[in-house]
Number of protein chains: 2
Amino acid sequence: MTKRPADPADDGAAAVRQVPMRDFSRSLPMSLLRAREAVMRQFRPSLREHGLTEQQWRILRALAAIDTVEVTELARTAFLLGPSLSRILRDLEARNLIERKTAKADQRRSMVSISEKGVKLMASVAPSSEAIYAEITRRFGARKLVELQEMLGELERSLAELGKAEEASAEE
Amino acid sequence: MTKRPADPADDGAAAVRQVPMRDFSRSLPMSLLRAREAVMRQFRPSLREHGLTEQQWRILRALAAIDTVEVTELARTAFLLGPSLSRILRDLEARNLIERKTAKADQRRSMVSISEKGVKLMASVAPSSEAIYAEITRRFGARKLVELQEMLGELERSLAELGKAEEASAEE
DNA sequence: CGCATTCACTTAACATGTTAAGTATCTTCG
DNA sequence: CGAAGATACTTAACATGTTAAGTGAATGCG
């Protein structure tokens with residue numbers, strides 16, 4: 001048992017377990033993941049009843065507010081990656097919930113808007129969705145909710161510029 | 001007839017939709033999603049260099065701390081759904097990063113543990129991972145980080161029992 | 001004991017996340 | 001003008017999220 005290499009460069013596989021890192025369940029990504037899941041768990045059943053996924057609902061909501069947008073801008077608004085958005089728009093268009101037409105000025109751009117049917121679907125989902133949000137707010141506390149969201153925004157801003165320097169210096 | 005200029009900005013963006021709901025970008029799920037993405041964006045490149053996804057890393061971390069667990073318990077610890085875990089364990093086992101053997105007492109249960117190779121891989125990733133976490137902590141502030149995590153935990157607890165009553169009354 | 005239930009996973013099927021490659025269009029600049 | 005580069009998507013490929021169904025092994029109970 002006293003067999004222990006004095007050289008710190010030597011790995012000593014057995015020693016690894018003595019460095020457990022932070023308690024796993026308390027890591028920030030985990031906390032965020034669990035919190036978000038707790039929230040989304042409330043919404044999913046209602047959305048599902050209306051045949052919508054969380055992301056599809058995000059897109060419809062974004063479209064309802066913006067009226068008409070190009071795909072790239074919609075991706076930023078709904079916080080979806082291009083490929084995901086591309087697939088979802090294809091499906092939503094097939095279900096006639098959105099409409100698409102290429103911009104005249106720039107044939108590359110595709111302008112997206114919510115359809116009449118999409119508006120109606122939103123109207124049928126919104127009440128229950130709002131009710132759930134209200135209940136969450138009530139349980140957690142309206143003031144704390146605002147405070148939490150401010151902290152989340154601040155965290156986001158704190159990390160916004162992190163990792164840009166590397167790309168600039170290590171481009172290939 | 002004067003041919004209308006192809007400028008799309010002239011249609012006046014007709015009356016904004018009626019029921020705007022909360023500002024979309026300020027919804028709680030969105031705030032949580034964005035914050036988590038801002039954090040994970042920092043870790044992914046490093047993990048990727050070592051051939052690991054976020055979830056695979058979660059599993060290895062959980063295993064390193066627990067030594068040996070059954071799959072269901074691991075799912076709870078790593079916060080993964082059964083099917084996802086099942087697939088990932090299959091792959092990690094094929095890469096010899098974990099080991100599996102069915103429990104003697106109960107043939108249904110499968111006991112999972114990290115392998116020697118898995119331990120070494122962890123040791124090679126941990127330093128950079130810890131450095132990134134330290135930088136995030138430094139940028140956001142250690143105290144605020146703790147505060148944020150407490151709020152997240154509280155939010156989670158607030159919603160823990162929500163939605164259980166329905167199932168009890170509306171079982172099919 | 002025997003059989004319906006429950007349990008611990010695993011498979012299946014479909015949707016999204018993530019990165020890389022492809023395609024068509026537009027822009028730039030010689 | 002015209003080829004190189006930039007843009008705005010779209011496809012492809014692989015991994016995970018999510019729900020439902022399947023499989024084999026315990027358990028409960030008459």
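Every chain is numbered from 1, with letters handed out A, B, ... down the list of sequences.
In summary, contact between chain A and DNA chain C, defined as any nucleotide atom under 4.0 Å from a heavy atom of the protein, begins and ends at C:dA15 to C:dC26 in the 5' to 3' direction.
Scored by the side-chain contact (heavy atoms from CB on, under 4.5 Å) test, A:Arg87 finds A:Ser84, A:Arg90 as partners (sequence neighbours excluded). The side-chain contact (heavy atoms from CB on, under 4.5 Å) search around B:Ile66 returns B:Val69, B:Thr77, not counting sequence neighbours. For the side-chain contact (heavy atoms from CB on, under 4.5 Å) test, residues two or more places apart in sequence or in another chain that qualify with A:Arg41 are A:Glu37. Residues passing the salt bridge (Lys or Arg N to Asp or Glu O under 4.0 Å) test with A:Arg109, sequence neighbours excluded: A:Glu70, A:Asp106. The side-chain contact (heavy atoms from CB on, under 4.5 Å) test applied to B:Ser86 returns no partner, not counting sequence neighbours. Among residues two or more places apart in sequence or in another chain, the salt bridge (Lys or Arg N to Asp or Glu O under 4.0 Å) test is passed with B:Arg95 by none. For B:Lys101, there are no salt bridge (Lys or Arg N to Asp or Glu O under 4.0 Å) partners two or more places apart in sequence or in a different chain. Under the salt bridge (Lys or Arg N to Asp or Glu O under 4.0 Å) criterion, B:Glu93 pairs with B:Arg100, sequence neighbours left out.
Nearest-nucleotide positions on DNA chain D for B:Arg87 and A:Arg87 put A:Arg87 closer to the 5' end. Two residues, A:Gln107 and A:Gln55, neighbour DNA chain C, and the one matched to the more 5' nucleotide by heavy-atom proximity is A:Gln55.
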Could you write out each protein N or O paired with an N or O of nucleotides 8-10 of chain D at a distance under 3.5 Å?
| unit_1 | atom_1 | unit_2 | atom_2 | d |
| --- | --- | --- | --- | --- |
| D:dA8 | OP1 | A:Arg109 | NH2 | 2.5 |
| D:dC9 | OP1 | A:Ser110 | N | 3.1 |
| D:dC9 | OP2 | A:Thr72 | N | 3.2 |
| D:dC9 | OP2 | A:Thr72 | OG1 | 3.0 |
| D:dC9 | O5' | A:Thr72 | OG1 | 3.1 |
| D:dT10 | OP1 | A:Arg100 | NH1 | 3.1 |
| D:dT10 | OP2 | A:Ser86 | OG | 2.8 |
| D:dT10 | O5' | A:Ser86 | OG | 3.3 |

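Each end of the helix from C:dC1-D:dG30 to C:dG30-D:dC1 gets its own axis from five base pairs, and the two axes differ in direction by 0°, given to 10 degrees.
Pairs engaging residues 72-82 of chain A under the salt bridge (charged side-chain N to carboxylate O under 4.0 Å, His left out) rule: A:Glu73-A:Arg76 [sequence neighbours left out].
Between A:Glu135 and A:Arg139 there is a salt bridge, with a side-chain nitrogen of the basic residue lying less than 4.0 Å from a carboxylate oxygen of the acidic one.
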